[in-house]
Amino acid sequence: MSTKDWILHLDLDSFMASVEILRHPELRDRPVIVGGNGDPTVPRTVVATASYAAREHGVHSGMPMRTALRKSPDAVFLPSDMPAYEAASAQVMDTLRRFPITLEIWGLDEAFIGARTDDPFELARTLQKAVLDETGLTCSIGIGDNKHQAKLAAQFQKPAGISQLTSDQWPAVMGPRPTSALWGIGAKTTTKLADMGLHTVADLAAADPRELARRFGPTNGPWLRYLALGKGEAGVTDTPWVPRGHSHETTFTTDLTDAAAIREHVTAFARQLAGEAADEGRDVIRVTVKVRFAPFITQTRQTKLDTPTTDPDPIQAAALAALDRFTLDRAVRLLGVGVEYANR
DNA sequence: TCTGGGGTCCTAGGACCC
DNA sequence: TCTGGGGTCCTAGGACCC
């Protein structure tokens, strides 16, 4: 094999549940479900991560906790413990950084790796072993010519697998698969594509780009075909990600109707976000309030600040001004506030 | 399956200006 | 005074991801 640049995608297996099993070894091989406050009878909470034993019972992330309880009544339910997951993630990333690779962190449980090597499988095995030895966690690794290929390949043999998907292999491996197999095509786009008679990746790759642009817009239309051709971004950077903003939201167990209580929640979120902006040294330029009315109708209102700031008073005022532009005539299921940062 | 929370990016339409 | 076209900014919503 000749030396060349490869992109690897590393995906920690059932990450949050695996961290919990490390802390509680007696849970090994039991169905473990992490989500909400750990009480699966609370309505409007969902599964964050399910262990592989729980997945065998049909439990998956995003599923309502009450459904998960029905499917896996003997499972161990645990609350999300973000500080513990952040610490475990940092340990994994520190382990990876010791290798001569470029590490691009992509959330708590994923990373892209750029490496110049003649044997990417050997590199993948070495990384898997180092992560397992130092943290006790298993991961799956995909190898490709770009991020899209590597990302998909990592899903081919989970858990603890290594798979490769290159441009040469793409038409044979991905062509017959449904368009929903692509990274970036979800349920809505799958339906719209099916309406156009485009069902497989090969169908989409052969579709008329002008027709796609007409249906999906000038950027998204051509991008869909680009995905189907197996193309993708090939650059990996270890420059840390700079967040565009932050938000907080909460779904109430029972709907809120009291106007004063609604204002209090929005105020508290706005001031919390102002504090976080100050901690990060970032100025806020826009504040968005999100209201989800019963049964499930979501609206947003936003206010641009005259002057970028971390001062909680104008940020709170902007949030309340946005809130005032809603017609609060129905019960409120969710309230959220988000801030957008000025460029840095 | 009665549907979380935290993100990113794109689109469409209106306001406004020249 | 019956009305063009382009550019930019802003807002609201939607789609997708983990």
Side-chain angles (χ1 to χ4, degrees), chain A residues 9 11-16 33-38 40 42-50 57-72 79-80 82 85-86 89 105-111 147-148 151-152 154-155 179-180 182-193 213-224 227 233 241-253 255 269 272-273 276 285-306 318 321-322 325-326 333-341:
Chain A
H9 184 260
D11 198 310
L12 290 159
D13 299 317
S14 65
F15 174 59
M16 297 186 225
I33 296 168
V34 177
N37 70 352
V42 177
R44 301 177 179 180
T45 61
V46 302
V47 174
T49 310
H57 298 161
V59 178
H60 56 80
S61 52
M63 173 181 283
M65 287 281 269
R66 297 208 286 190
T67 307
L69 176 61
R70 211 179 324 123
K71 287 185 177 285
S72 189
S80 292
M82 288 312 290
Y85 311 142
E86 285 164 7
S89 177
I105 296 169
W106 206 269
L108 282 184
D109 61 349
E110 288 183 37
K147 284 178 174 170
H148 184 202
K151 171 83 182 174
L152 296 186
Q155 308 304 314
T179 56
S180 57
L182 299 172
W183 185 33
I185 297 191
K188 301 281 186 181
T189 304
T190 301
T191 301
K192 284 177 81 173
L193 289 170
R214 200 182 64 75
R215 290 286 294 257
F216 295 95
T219 303
N220 285 337
W223 176 73
L224 293 172
L227 287 181
E233 194 188 323
W241 179 253
V242 179
R244 311 293 195 251
H246 287 302
S247 65
H248 294 298
E249 65 184 53
T250 188
T251 294
F252 303 106
T253 303
D255 296 336
F269 277 149
Q272 180 186 354
L273 286 160
E276 291 162 1
I285 58 165
R286 197 188 312 278
V287 182
T288 301
V289 172
K290 175 169 160 183
V291 178
R292 178 170 291 148
F293 296 97
F296 204 80
I297 299 152
T298 307
Q299 294 180 358
T300 61
R301 296 291 182 269
Q302 54 186 240
T303 308
K304 189 177 190 298
L305 297 176
D306 296 330
R325 306 214 310 275
F326 285 95
R333 177 189 171 101
L334 169 149
L335 283 175
V337 180
V339 296
E340 185 186 324
Y341 291 152

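- Here the OG1-CG distance, from A:T49 to A:D109, works out to 7.5 Å after rounding to the nearest 0.5 Å.
- For DNA chain C, runs of at least 3 consecutive pairs of the Watson-Crick or G-U wobble type, with both hydrogen-bonding distances under 3.5 angstrom, map to B:5-18 with C:5-18.
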Report task. Would you check, one step at a time, whether the test side-chain contact (heavy atoms from CB on, under 4.5 Å) holds for A:L335 with A:V291? Result -> CA-CA 5 Å; A:L335 283 175; A:V291 178; 3.9 Å; yes

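- Listed for the A:R325 side chain is no donor-acceptor partner under 3.5 Å among the backbone atoms of A:T303.
- Atom pair A:R66:CZ and B:dT1:C1' shows a separation of 12 Å (rounding to whole Å applied).
- For the residue pair A:E233 / A:H148, no side-chain donor-acceptor distance below 3.5 Å is found, with atom types taken as modelled.
- Within 4.0 Å (heavy atoms only), A:R333 reaches at least one base atom of the nucleic acid.
- Here A:K290 pairs with A:E249 under the salt bridge (Lys or Arg N to Asp or Glu O under 4.0 Å) rule; sequence neighbours left out.
- A:T190 contributes a side-chain N or O that, together with a main-chain N or O of A:G186, makes up a donor-acceptor pair within less than 3.5 Å.
- Not one N or O on the side chain of A:S247 forms a donor-acceptor pair closer than 3.5 Å with the backbone of A:G338.
- By the salt bridge (Lys or Arg N to Asp or Glu O under 4.0 Å) test, A:R66 pairs with no residue at all, sequence neighbours left out.
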Each nucleotide N or O in nucleotides 15-18 of chain C that has a protein N or O under 3.5 Å away: list the pair and distance.
| unit_1 | atom_1 | unit_2 | atom_2 | d |
| --- | --- | --- | --- | --- |
| C:dA15 | O3' | A:T189 | OG1 | 3.4 |
| C:dC16 | OP1 | A:G186 | N | 2.9 |
| C:dC16 | OP1 | A:G186 | O | 3.2 |
| C:dC16 | OP1 | A:T189 | N | 2.8 |
| C:dC16 | OP1 | A:T189 | OG1 | 2.6 |
| C:dC16 | OP2 | A:K188 | N | 3.2 |
| C:dC17 | OP1 | A:G184 | N | 2.9 |
| C:dC17 | OP1 | A:I185 | N | 3.4 |
| C:dC17 | O3' | A:W183 | NE1 | 3.3 |
| C:dC18 | OP1 | A:K151 | NZ | 3.0 |
| C:dC18 | O3' | A:D109 | OD1 | 3.1 |
| C:dC18 | O3' | A:E110 | OE2 | 3.0 |

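- Under the 3.5 Å distance criterion, with hydrogens and angles disregarded, no donor-acceptor pair is assigned to the side chains of A:E340 and A:H246.
- Nucleotide B:dT3 holds its P atom 11 Å from the CG atom of A:D255, rounded to whole Å.
- As rounded to whole Å, 14 Å separates atom P of B:dG4 from atom CG of A:L335.
- With C:dT11, C:dG13, B:dC2 as the choices, the nucleotide that has an atom nearest any side-chain atom of A:R286 turns out to be C:dT11.
- Spacing of C1' atoms, B:dC16 relative to C:dG4, comes out at 16 Å, to the nearest Å.
- Remark: A:R70 is in phosphate contact with B:dC2, judged by side-chain N or O atoms under 4.0 Å from OP1 or OP2.
- Comparing A:G221 and A:T67 against DNA chain B, the residue whose closest nucleotide sits nearer the 5' end is A:T67.
- Protein atom CD of A:E340 is 15 Å distant from nucleotide atom C1' of C:dG13, rounded to whole Å.
- With sequence neighbours excluded, the residues satisfying salt bridge (Lys or Arg N to Asp or Glu O under 4.0 Å) with A:R44 are A:D255.
- Under the 6.0 Å distance and 45° angle rule, A:R214 does not count as a cation-pi partner of A:F216.
- By the criterion of a centre-to-centre distance under 5.5 Å and near-parallel planes under 30°, the ring of A:F296 forms no stack with the base of B:dC2.
- Taken to the nearest 0.5 Å, the CZ atom of A:F293 stands 13.5 Å off from the CZ atom of A:R333.
- Taking atom C1' on both B:dC17 and C:dT3, the two are 16 Å apart, rounded to the nearest angstrom.
- The side chain of A:T300 contributes an N or O atom lying less than 4.0 Å from OP1 or OP2 of C:dG13.
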Report summary line: For nucleotides 5-10 of chain B, 5' to 3', base contacts (B), sugar-phosphate-only contacts (S) and non-contacts (-) with protein non-hydrogen atoms under 4.0 Å give BSSSSS

